Engineer: 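Take this structure, written in structure tokens, and hold onto it; I'll ask about it next.
Below, each value reflects all heavy atoms present in this structure, side chains not excepted, and no hydrogens, waters or symmetry copies. What you see is a predicted model, and the numbers here were worked out from it, not measured in a lab. Whatever order the structure lists ligands and atoms in, that order sets their numbers, starting from 1.
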Amino acid sequence: MNEKELPESLRGDNISEETKSLISSLSCNKDFLGKIYNYQGCWYYPNTLQGVLNFQKGFKPQETDIIIASFPKSGNTWLKALTIALFVRLNNTSSSSDALHPLQSDNPHGLAPFLETILLFSTHMPLHTLQEPFKDSSTCKIVYVYRNVKDVLYSFESLCSGSFWVVRSLRKKKIKDAGLEINKTGKASNNMHHSVFFRKGEVGDFKNHLTPEMENKIDMIVEEKYKGSGLKF
Ligand SMILES: Nc1ncnc2c1ncn2[C@@H]1O[C@H](COP(=O)(O)OS(=O)(=O)O)[C@@H](OP(=O)(O)O)[C@H]1O
């Protein structure tokens, strides 16, 4: 694929000299879209890594900032849509019943940067990478959304195999947001199709795709990793 056709975050055209030098010292791998680099235990495309470094060095949290944090495919888009809906309701931004709700005019990820009085953004950075700008304490809100690992796994697998396009044949009102025209056909300014964020949104959909043996194996790993955390599904 031509680099210009890639989503901005996957390209390598925004990299500072300092980051280039850092990249040359990082472990490198390749996935189906291009080179990825291991920074603080996670793999990043070059532009995404630049964004992470910019955030770590330059982000100055404010009291009204809201950061939605999650592992990929855990419900980040859903929580962002809910936050925007709350914001719109509290600020009465669309007072006329005829007015198009902002969520009908753009994808939640496209709308979030344009909220007037708060900064709302989402990230998949792990805690140890995310916490850098908060060392000197801040009242900025970080909302972490967590989802059953087996649903996350299947959602991710569907994305990789391209079946997120099933959004077009979604059963009626399964995910209201996914049914919106803007989320079916729209594309973000960074080249990302809106539809990659929507598929079924069904709790327990993994049951239709994982064998009991697979499920059991994942359950054992999760139990081992989360021993003592109190998290249960
Ligand atoms: N509004 C709403 N309601 C219910 N479910 C929703 C909604 N928006 C997104 N989704 C489902 O969330 C899954 C995608 O998760 P993320 O938004 O975290 O994905 S991403 O990592 O930011 O790309 C993905 O889950 P799966 O359907 O299981 O694949 C989406 O379909």
Engineer: Any nitrogen or oxygen of Arg199, main chain or side chain, under 3.5 Å from a nitrogen or oxygen of ligand 1?
Structural biologist: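 Min N/O separation from ligand 1 is below 3.5 Å for Arg199.
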Engineer: May I ask you to list the atoms of ligand 1 that are less than 4.0 angstrom from any heavy atom of Ser74?
Structural biologist: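 Those qualifying, in numeric order: 15 (O), 18 (O).
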Engineer: May I ask whether Gly75 has any heavy atom positioned less than 4.0 angstrom from an atom of ligand 1?
Structural biologist: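 Yes, Gly75 has heavy atoms under 4.0 Å from ligand 1.
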Engineer: Give the cluster check for Tyr226 versus Leu153: same hydrophobic cluster or not, with ILVMFWY residues linked at side-chain heavy-atom distances below 4.5 Å.
Structural biologist: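 Cluster IDs for Tyr226 and Leu153 match.
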Engineer: Of Arg147, Glu202, Lys80, His124, which has the heavy atom at the shortest distance from atom 25 (O) of ligand 1?
Structural biologist: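 Shortest heavy-atom distance from atom 25 (O) of ligand 1: Arg147.
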Engineer: Treating Ile, Leu, Val, Met, Phe, Trp and Tyr as nodes and any side-chain heavy-atom pair under 4.5 angstrom as an edge, say whether Tyr144 and Val222 lie in one connected cluster.
Structural biologist: yes
Engineer: If you measure from the Lys or Arg side-chain nitrogens to the Asp or Glu carboxylate oxygens, is any gap between Lys57 and Glu132 under 4.0 Å?
Structural biologist: no
Engineer: Are Asn208 and Asp205 linked by a side-chain donor-acceptor pair shorter than 3.5 Å?
Structural biologist: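 On atom types as modelled, these side chains qualify, holding a pair under 3.5 Å.
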Engineer: Mind checking whether Ala81 has a heavy atom under 4.0 Å from ligand 1?
Structural biologist: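 Flag not set, Ala81 not near ligand 1.
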Engineer: Using heavy-atom distances, let me know which of Lys73, Lys200, Glu157 sits nearest atom 20 (S) of ligand 1.
Structural biologist: Lys73
Engineer: Suppose I only count heavy atoms of Pro72 and a 4.0 Å limit; which atoms of ligand 1 are within that range?
Structural biologist: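 Heavy-atom distances to Pro72 below 4.0 Å select 21 (O).
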Engineer: Are any of the N or O atoms of Asn76 closer than 3.5 Å to those of ligand 1?
Structural biologist: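 Yes; at least one N/O pair falls below 3.5 Å.
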Engineer: Classify the side-chain pair Gln50/Tyr45 by whether it contains a donor and acceptor separated by less than 3.5 Å.
Structural biologist: no
Engineer: If hydrogens are left out, which of Ser155, Gly201, Gly204 has an atom nearest to atom 29 (O) of ligand 1, that is, the closest non-hydrogen atom?
Structural biologist: Ser155
Engineer: Looking at Lys150 and Asp219, is there a salt bridge between them, counting it only when a charged N and a carboxylate O are closer than 4.0 Å?
Structural biologist: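 A salt bridge links Asp219 with Lys150.
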Engineer: Where does the angle between the aromatic ring planes of Phe55 and Phe121 fall among parallel (under 30°), tilted (30 to 60°) and perpendicular (over 60°)?
Structural biologist: perpendicular
